[in-house]
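Bear in mind that the values here come from a model prediction, so they are computed numbers and not experimental data.
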Amino acid sequence: MGIKGLNAIISEHVPSAIRKSDIKSFFGRKVAIDASMSLYQFLIAVRQQDGGQLTNEAGETTSHLMGMFYRTLRMIDNGIKPCYVFDGKPPDLKSHELTKRSSRRVETEKKLAEATTELEKMKQERRLVKVSKEHNEEAQKLLGLMGIPYIIAPTEAEAQCAELAKKGKVYAAASEDMDTLCYRTPFLLRHLTFSETKKEPIHEIDTELVLRGLDLTIEQFVDLCIMLGCDYCESIRGVGPVTALKLIKTHGSIEKIVEFIESGESNNTKWKIPEDWPYKQARMLFLDPEVIDGNEINLKWSPPKEKELIEYLCDDKKFSEERVKSGISRLKKGLKSGIQGRLDGFFQVVPKTKEQLAAAAKRAQENKKLNKNKNKVTKGRR
DNA sequence: ACTCTGTCTCAAGACGGG
DNA sequence: TTGAGACAGAGT
DNA sequence: CCCGTCC
């Protein structure tokens with residue numbers, strides 16, 4: 001999941017592509033969210049003292065519903081209209097990664113069985129967390145009752161989120177996952193959820209500014225990400241972020257880099273290109289992912305189905321009726337104020353004038369130089 | 001001196017009462 | 001699981 | 001802010 005060290009590269013080389021802002025500045029915006037990723041976080045994080053998940057009387061897990069319900073409310077309160085995107089089938093290339101993960105699971109299961117202390121059991125249990133079909137379906141049911149739209153992506157949710165943003169159906173993709181940039185989402189929002197309450201402001205990453213700032217085409221950027229390390233294939237051992245960027249800059253593509261290394265010109269014997277390296281397929285998964293055409297998608301935010309929502313959450317899942325009812329009124333209120341929401345699409349399709357883009361790129365370049373000069377700066381805290 | 005690797009750590013949600 | 005940050009150690 | 005509760 002994600003691209004290793006990409007965040008660090010962007011912060012260092014193109015800090016101006018990351019705009020930091022308050023959640024309020026997204027009022028009226030629509031955003032696409034990777035649902036499966038959220039569910040995973042909730043399942044891991046929403047726990048009780050004893051480390052167990054929240055459940056109803058029948059012992060069915062409710063952590064994911066809890067998280068999804070309140071996080072969604074929180075966004076609605078702030079005038080943000082979320083659309084959730086669920087993962088479809090993972091692409092074949094990911095199966096290597098996935099089998100690795102499942103063999104790790106088997107080991108963890110063994111350790112769990114052998115675990116003696118409660119603490120040890122808890123630790124292993126957390127590692128075993130997986131988003132099941134049921135979790136996904138329950139979350140979809142919840143969203144349906146809340147009147148929040150969702151989409152089931154053909155493959156990767158991130159790719160579909162980016163597609164929605166590209167076609168102006170939403171303003172941005174909201175995710176912690178940097179690989180959303182590889183799908184060329186106009187904007188990526190990080191920390192959208194835990195701003196306000198927590199420390200960090202929301203980071204809004206502008207993909208075009210990243211490309212211009214690094215002076216790479218999208219193809220080169222994707223190649224860079226593959227070399228940094230992605231989910232789809234190996235990277236070249238011994239080549240870290242610094243070298244990867246240098247190589248892409250001087251050679252322009254992985255093809256050329258492979259040629260360069262194999263020809264021996266690099267007078268560097270240690271770098272080993274992975275065998276049968278499927279970087280071309282990986283590249284295509286980023287450049288041309290399987291998605292539903294955004295133009296065919298019509299996102300609708302509807303009033304909540306009050307009675308059924310109470311039945312589902314309170315009767316079935318044992319949520320507090322008082323809280324759910326208050327949630328319902330928050331939903332209705334948020335929906336009303338959202339009617340005159342911003343027209344995300346309009347400004348996206350014809351994004352910025354050339355002048356604006358050029359000015360922004362220039363700023364990025366200048367920033368880059370500045371940053372280079374003050375080597376070893378203490379990381380800005382706040 | 002620089003870069004990369006490996007190993008360690010920690011936290012991960014949302015909310016509110018005190 | 002991820003990601004980040006910190007740090008040690010090895011290779012160039 | 002800390003720390004317990006939510007289910």
Review item, nucleotides 1-7 of chain D N/O atoms under 3.5 Å of protein N/O:
from: D:dC6; atom 1: N4; to: A:Arg47; atom 2: O; distance (Å): 2.7
from: D:dC7; atom 1: OP1; to: A:Ser320; atom 2: N; distance (Å): 2.7
from: D:dC7; atom 1: O3'; to: A:Thr62; atom 2: OG1; distance (Å): 3.0
from: D:dC7; atom 1: O3'; to: A:Lys317; atom 2: O; distance (Å): 2.5
from: D:dC7; atom 1: O2; to: A:Thr55; atom 2: N; distance (Å): 3.0
from: D:dC7; atom 1: O2; to: A:Thr55; atom 2: O; distance (Å): 3.3
from: D:dC7; atom 1: N3; to: A:Gln48; atom 2: NE2; distance (Å): 3.1
from: D:dC7; atom 1: N4; to: A:Gln48; atom 2: NE2; distance (Å): 3.4

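- The interatomic distance linking A:Met37 (CE) with B:dA12 (P) rounds to 17 Å, in whole Å.
- Taking only side-chain nitrogens and oxygens, A:Gln41 comes nearer than 4.0 Å to OP1 or OP2 of B:dG13.
- Side-chain proximity of A:Ala45 to C:dT1, B:dC4, B:dA12: nearest is B:dA12.
- In this structure, A:Pro201 and A:Lys20 approach most closely via the heavy-atom pair CG-CB, 4.0 Å.
- In summary, A:Glu306 and A:Lys325 do not engage in a salt bridge, as defined by a charged side-chain N under 4.0 Å from a carboxylate O.
- The separation of B:dC15 from C:dT2, taken at their P atoms, amounts to 27 Å, rounded to a whole angstrom.
- To the nearest angstrom, C1' of B:dA14 lies 15 Å from CG of A:Leu43.
- When the nearest nucleotides of DNA chain B are assigned to A:Lys246 and A:Ile44 by heavy-atom distance, the more 5′-ward of the two goes with A:Lys246.
- OP1 or OP2 of B:dA14 has not a single side-chain nitrogen or oxygen of A:Arg74 nearer than 4.0 Å.
- For B:dA12 and D:dG4, the P atoms lie 15 Å apart once the distance is rounded to whole Å.
- Distance CH2 (A:Trp271) to C1' (C:dT12): 11 Å, rounded to an integer number of Å.
- Between A:Lys4 atom NZ and C:dG5 atom P the separation is 16 Å, expressed in whole Å.
- Put simply, CD1 on A:Ile9 is 15 Å from C1' on C:dG3, counting in whole angstrom units.
- With a 3.5 Å limit on both pairing distances and Watson-Crick or G-U wobble geometry required, the stems of 3 or more pairs in DNA chain C span B:1-11 with C:2-12.
- Atom pair A:His191:NE2 and B:dA14:P shows a separation of 13 Å (rounding to whole Å applied).
- Classified by interplanar angle (parallel below 30°, tilted 30° to 60°, perpendicular above 60°), the ring pair A:Tyr150/A:Phe86 is perpendicular.
- The aromatic rings of A:Phe319 and A:Phe69 sit perpendicular, their planes meeting at an angle over 60°, well past the 30° parallel limit.
- Rounded to the nearest Å, the gap between the P atom of B:dA14 and that of C:dT1 is 23 Å.
- Residues in residues 281-297 of chain A take part in these salt bridge (charged side-chain N to carboxylate O under 4.0 Å, His left out) pairs, two or more places apart or across chains: A:Lys167-A:Asp293, A:Asp223-A:Arg283, A:Glu255-A:Arg283.
- Across all strands shown, A:Thr61 has no heavy atoms under 4.0 Å from either base or sugar-phosphate atoms.
- The nearest whole Å value for the distance from the CG atom in A:Leu228 to the P atom in C:dG3 is 12 Å.
- Nucleic acid contact class of A:Gly67 (heavy atoms, under 4.0 Å, all strands): none.
- Residues A:Ile151 and A:Leu189 fall within the same hydrophobic cluster, defined by Ile, Leu, Val, Met, Phe, Trp and Tyr side chains chained together at heavy-atom separations under 4.5 Å.
- Checking the phosphate oxygens (OP1, OP2) of B:dG6, a side-chain nitrogen or oxygen of A:Arg237 falls inside 4.0 Å.
- Checked by atom type and distance alone, the side chain of A:Thr62 never pairs as donor or acceptor with a backbone atom of A:Leu65 at under 3.5 Å.
- For the pair A:Lys272 NZ and B:dT5 P, the computed distance is 14 Å after rounding to whole Å.
- At least one side-chain nitrogen or oxygen of A:Asn7 sits closer than 4.0 Å to the OP1 or OP2 atom of C:dA4.
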Show your working on side chain to side chain contact (heavy atoms under 4.5 Å, CB included) between A:Phe26 and A:Ser21 and close with a plain yes or no. CA-CA 9 Å; A:Phe26 296 98; A:Ser21 46; 3.6 Å; yes
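- Each of A:Tyr40 and A:Arg190 was matched to the nucleotide of DNA chain C holding its nearest heavy atom; the match closer to the 5' end belongs to A:Tyr40.
- Comment: A:Glu311 engages A:Lys307 in a salt bridge, judged by a side-chain N to carboxylate O separation of less than 4.0 angstrom.
- Taking atom P in both B:dA11 and D:dC2, the straight-line distance is 12 Å, to the nearest Å.
- Using modelled atom types, no side-chain atom of A:Glu204 and backbone atom of A:Arg19 make a donor-acceptor pair closer than 3.5 Å.
- For the residue pair A:Thr72/A:Tyr84, the side-chain donor-acceptor check at 3.5 Å is satisfied.
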